[in-house]
Amino acid sequence: MRVLVVEDVRRLADDIAEGLRDQGMAVDVAYTGMDSVDKLGINRYDVVVLDRDLPGIHGDTICRMITESDDPAMVLMLTAAGAPEDRVSGLGLGADDYLPKPFHFPELVLRLRGLARRKPTAQPRVLSAADIVLDPLRRTASRAGRACDLTPKEFAVLEVLLRSSPGTLSSEDLLEQVWDEHTDPFTKTVQVTISRLRRKLGDPDVIETIPGVGYRIA
């Protein structure tokens, strides 16, 4: 899952991003409305965590821009304005969910995962291919009935591969969907993570390498 956090309080934005990355999400951060517009024009996001009171371009304007686009991301408004009338107006702008500050971080994570599942292009909650079964909500993965103990990044890579199966994803695709914009495009982190994931999934190897193309789970 790729998430954009739009929040002008830098410490809060960075804390949210760090916590979501610990959950295996790919997270970019925008501290101003204009910065968020630039990132939305370049990258494709599953969910946008959006503060309303932003410098430059107001969050309400950004929400309208997102919801009126051809392939809109899901929007979770995260704001100090938590009165019922604020929630009504935020949802009326097209936001998919509304969470007032202060908030409980585990609730934010659950809401983001719920929004990703509700996205029109989302697949069924439980993913499977070959003899692998993965449940993104419960954060469980198994192969042939055997539980697999995966790190957040290993879990995220496996989830993306399963969502794309039987299609093939390049290293660049995986970097974009599992890591974030600050990752070195020449890094070997994808290959290293795939190697660790293969070891944990066990034999026979279920992740195919297509030379010059990328990886897939058939």
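Electrostatic pairing of D149 and K200 does not count as a salt bridge here, judged by no charged N lying under 4.0 Å from a carboxylate O. We find that R52 and E7 are not joined by a salt bridge, their nearest charged nitrogen and carboxylate oxygen being 4.0 Å or further apart.
Checking D35 against T32 by side-chain atom types alone, no donor-acceptor pair falls below 3.5 Å. A donor-acceptor pair shorter than 3.5 Å can be found between the side chains of Y45 and D28. Using a 3.5 Å distance cut-off with no hydrogens or angles, the side chains of R198 and T193 do not pair a donor with an acceptor.
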**Request:** List the steps, then state whether salt bridge (Lys or Arg N to Asp or Glu O under 4.0 Å) holds for R2 with D46.
**Result:** CA-CA 5 Å; R2 188 161 189 178; D46 297 298; over 6 Å; no
request  = For the pair D97 and M77, evaluate side-chain contact (heavy atoms from CB on, under 4.5 Å) and give the outcome as yes or no after the intermediate values.
outcome  = CA-CA 6 Å; D97 202 354; M77 280 191 168; over 6 Å; no
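Applying the 6.0 Å contact sphere to CZ of R11 captures no more than 12 heavy atoms from other residues, nucleotides or ligands.
Hydrophobic clustering (side-chain heavy atoms under 4.5 Å, transitive across Ile, Leu, Val, Met, Phe, Trp, Tyr) keeps F155 apart from V192. Under the 4.5 Å side-chain heavy-atom criterion for ILVMFWY residues, a single connected hydrophobic cluster contains both F103 and M74.
For the pair V6/L54, a side-chain contact is recorded, criterion being any heavy-atom separation below 4.5 Å from C-beta on.
A distance-only check finds a donor-acceptor pair linking the side chain of R143 to the backbone of G202 [under 3.5 Å]. The closest donor-acceptor contact from the side chain of E154 to the backbone of T151 lies under 3.5 Å.
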